[in-house]
Trainee: 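Submitted below is the structure of interest, expressed as structure tokens.
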Amino acid sequence: MAITEENPGYKWVGTRPIRPDGLEKVTGKAQFGADLMLPGMLFGKVVRSPHAHARILSIDTTAAEAMMGVKAVITGGDFPDLAANGAHPSEIDVANNTIAREKVLYEGHVVAAVAATTREQAEAAAEAVEVTYEILPHVLTVDEAMADGAPLLHEGMITKGVDPAPEEASNVASKILHERGDLDQGFGEADAVVEREFTTKPVHQGYIEPHAAVADANSDGRAHIWCSSQGHFQMRAYSASVLGISPGMLKVTAAEIGGGFGGKTVIYLEPLAVRLSQRAGRPVKLVMDRDEVFRATGPTSGTRIKVKMGVAKDGKITAAEVWMAYEAGAYAGSPVGAAGMTAIACYDIPNFVVEGYDVVCNKPRVAAYRAPGAPMAAFAVESVLDELARDIGMDPIEIRLANAAVEGTQASYGPKFPRIGFVETLEAIKDHPNYTADLGPNQGRGIAAGFWFNAGMMSSATVHINENGTATVVTGSPDIGGSRQSMALMAAEELGIPYESIKAVVADTETVGFNDVTGGSRVTLATGAAVVDACRLIIEDLRARAAKTWDVELDQVEWVDGQAQHAEGAQPPLSLKDLAAKSGRTGGPISANASLNSRGVGAGFSTQLCDVEVDPETGVTRVVRYLTAQDAGRAISPDYVEGQMQGGVVQGIGWALNEEYIHDSDGVMENPSFLDYRIPVASDLPMIDCAIVEVPNPAHPYGVRGVGEVGIVPPMAAVGNAINDALDVRMTDLPMSPVKVLEALNEQRD
Amino acid sequence: MAQVHFSAGLRDLTGGLAQVEVEATTVRRLVVALEEMFPGIGEHLNEASSVAIDGEIFTDADYEPVSHSSEVHFLDIFQGG
């Protein structure tokens, strides 16, 4: 572990207690989205389009409604027409993605839903819904979608960000552009220039738990939703919009979540379950199977990216030119904007142009996936930088150190960086024994780096002191990465009581103040800051109660190690337990709330080192050693930080070597199962070694930056660079499957 | 006066200008001043941008203070995962 500041001597922050959710999860007691059962509950089933692009001519639900056990059948017509109501375009897209109205835009797009007494009855009724389509030509890739004369998904889509605005509609939703300096001059100063083109396929977040929602609607228009999501307040807002009601009419309870990685920041089932429940007058459960998850949720974008970079002999990057097109799926909103801002953000480059396009196509609407947009861009940029280092005979760490962004560097996306820890991650790799470990035959070593902003946003927390001096920490941030433990650790540190005396819980939307979605690596930073604020309010209250008890002025009371102490030692200390036991005599229950819009977001950097062994006969690549160094700011819970780092790497290795959406010529997905869409499993991988770098974020009370995302940015380039080191073949198309590796080797032999 | 920087994507709305100086004490007042200079930019900045003030990125930054020496960048909104 590399630590750049002295350990401040925390008692609880930075320790590794037993995870609070472990027992319930391993004993099967944890309630995930699909586990809830309510009296009289019906089972729902969604009807999905078999076509990639088609106009809905008619939907006949007569036969389905007449079937035994069927209590409700709904279609797009059962929801308000937000377009006609003048809603914001983004709301209209969410609604139309939830259930199609006039056109289906991808295979798996929802066209109807049914609720019945049994699951089997619901499935039979869904089969009986008759939908008549006019099949339309489709486009599946950015190349097809951007081609002249391509079929249009949205007839009114005029590209934003182009001046003058195009007169004709296209599948390009928007253009982004970042530039600085003089590109020609920069390339003129270069001693080596590399230009490459890269392609990546859509990949799914691959969470183990499929989407699930239960809704129970009341006759007064109110409804209660239980669902697995990364943000039940966001589920409430989106669902209310689609249903055409006030968010206050919905109560949403967060179920335990079996993975999200960005893919559970959006709604799919919730409004459908509410409407079915309203129609049937009974609770309704909707659960996706894996096939539906693949066909209709996530993924992240497939891309085409061109990179041209030049370096001088001393390793300084003189110019970079990046062109990128990102699939958005059926509706505008690919992460190309973030890709454009992150592509070269690790480096101080004087001359660059980064140009990007958000392109719709007939695939599921993309959803966020860990550091959305950044990994694909990093695959391209870090691969080219690796090649440049080889061309000028420079060590891959040294070339990155020569160009690394530091405090005060003008980031490629605009502002100057505050204190950041990129250099420290590079040095952590360089100092680790893996960097100089011997390589065997057909083995190679690759390095890559990545950047992610992290996020702040709004959070609320409530802290209750129980009558025995223990505490309950209540937040509204679903725990997808260990936040209950990190909240409890920070509260223990603040209050001065044992971690084991604190229980952190995630409350529903009516029980705690608003919390933005659990995403952007923001919860430990933002919700953690709210917890710290609430604890400090508690401590002020406790000091006042001690002063009242001792009949002294407030300034004579200090809070030290979980107890009130008289400044002059004139009174025996009062512990939190003492004060809690007599709270009735000093003002009543001890509780505090804090809400904030977080400030002081700290950017995250990761550098990774990958050793692979490639079988030249089969093309199979095996990762034999892997090290990730990441600046956490401060690791509140090192176990969970390492889990986030390792998880990001493993997903990145899957993206690099195995994972891809495969569609047939009709736009139908051919591999919608974990059998054919293969994510890495434990036996595929070595232990992922972690070096937690701690360059504290000065704007957070404990120095937190956020750790959930940046770990997935470098792996594809690290693996690709390692394959190149092993075989001297540059892989530019993900996944780097055995077939592609063999093709590259055959080209090399030719 | 605060130095306001526009990404290349925003320069369509500023007549190609990459940077301007604006007298304002908050982001909201700064956006009002920019709207007077570049009609139409205010709506875009309010809807599609987060703001970096002296290197710190904010969302919903309307009432964040801006000083005469501040460096302000309007950034595309991005989503985390």
Side-chain angles (χ1 to χ4, degrees), chain A residues 88 160-165 174-180 205 230 260-263 265 300 333 335 337-338 340-342 353-355 367-373 407-408 411 413-418 452-458 517 519-522 597 599-601 603 699 706 708-709 712, chain B residues 2-22 26-28 30-31 34 38-67 69-81:
Chain A
H88 191 278
K160 294 179 181 175
V162 177
D163 186 30
S174 63
K175 173 188 175 183
I176 59 105
L177 182 64
H178 299 275
E179 59 185 356
R180 183 182 302 161
Q205 295 82 350
Q230 289 177 240
F261 316 111
T265 58
T300 193
M341 294 162 75
T342 59
V353 173
V354 179
E355 179 181 343
Y369 184 17
R370 273 184 153 146
E407 183 176 4
Y413 55 88
K416 289 191 177 89
F417 280 116
W452 184 248
F453 310 92
N454 298 324
M457 305 163 67
M458 292 189 284
V517 68
S521 307
R522 68 168 215 90
N597 193 350
R599 305 172 58 109
V601 174
E709 294 173 283
I712 201 172
Chain B
Q3 303 280 326
V4 183
H5 299 260
F6 302 105
S7 69
L10 280 173
R11 291 175 207 162
D12 296 344
L13 301 166
T14 66
L17 285 174
Q19 177 185 332
V20 295
E21 292 188 340
V22 177
T26 65
V27 170
R28 186 179 68 154
L30 188 146
V31 171
L34 290 172
F38 311 112
I41 199 171
E43 181 181 354
H44 182 89
L45 295 179
N46 285 328
E47 275 206 359
S49 295
S50 51
V51 183
I53 306 169
D54 298 326
E56 187 174 345
I57 298 176
F58 297 89
T59 50
D60 305 316
D62 290 8
Y63 302 103
E64 290 298 330
V66 175
S67 77
S69 61
S70 288
E71 186 177 297
V72 179
H73 292 260
F74 287 96
L75 311 174
D76 293 333
I77 285 177
F78 55 89
Q79 185 185 9

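Proteins get letters first, then strands, A, B, ... in listed order; numbering begins at 1 in each.
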Trainee: Can you tell me which portion of V517(A) sits under 4.5 Å from chain B's heavy atoms? Options are side chain, backbone, both or neither.
Mentor: neither
Trainee: Measure distances from E355(A) to the heavy atoms of chain B and classify the residue's part below 4.5 Å as side chain, backbone, both or neither.
Mentor: neither
Trainee: Between E179(A), R599(A), H178(A), E709(A), who has the most heavy-atom pairs with chain B when the cutoff is under 4.5 Å?
Mentor: R599(A)
Trainee: Look at atom CZ of R180(A) and say whether more than 12 heavy atoms of other residues, nucleotides or ligands are closer to it than 6.0 Å.
Mentor: yes
Trainee: In terms of heavy-atom proximity below 4.5 Å to chain B, should Y413(A) be classed as side chain, backbone, both, or neither?
Mentor: both
Trainee: Quick check on the structure: residues of residues 10-22 of chain B within a heavy-atom distance below 4.5 Å of chain A, by number.
Mentor: R11(B), D12(B)
Trainee: How many angstroms lie between CE in M458(A) and OG1 in T59(B), if you round to the nearest 0.5 Å?
Mentor: 7.5 Å
Trainee: Please name the pair of heavy atoms, one in A338(A) and one in F78(B), separated by the smallest distance, quoted to 0.1 Å.
Mentor: CB-CB, 3.9 Å
Trainee: Between Q79(B) and chain A, with a heavy-atom cut-off of 4.5 Å, which part of the residue counts as in contact: side chain, backbone, both or neither?
Mentor: both
Trainee: Select, from S7(B), G55(B), A61(B), the one with the greatest count of heavy-atom pairs under 4.5 Å involving chain A.
Mentor: G55(B)
Trainee: If I compare all heavy atoms of A368(A) with all of G81(B), which pair ends up nearest, and what's the gap?
Mentor: CB-CA, 3.9 Å
Trainee: State, yes or no, whether a side-chain contact exists between L75(B) and F453(A) at a heavy-atom distance under 4.5 Å.
Mentor: no
Trainee: I'd like to know which of Q205(A), Q230(A), M341(A) tops the heavy-atom pair count under 4.5 Å against chain B.
Mentor: M341(A)
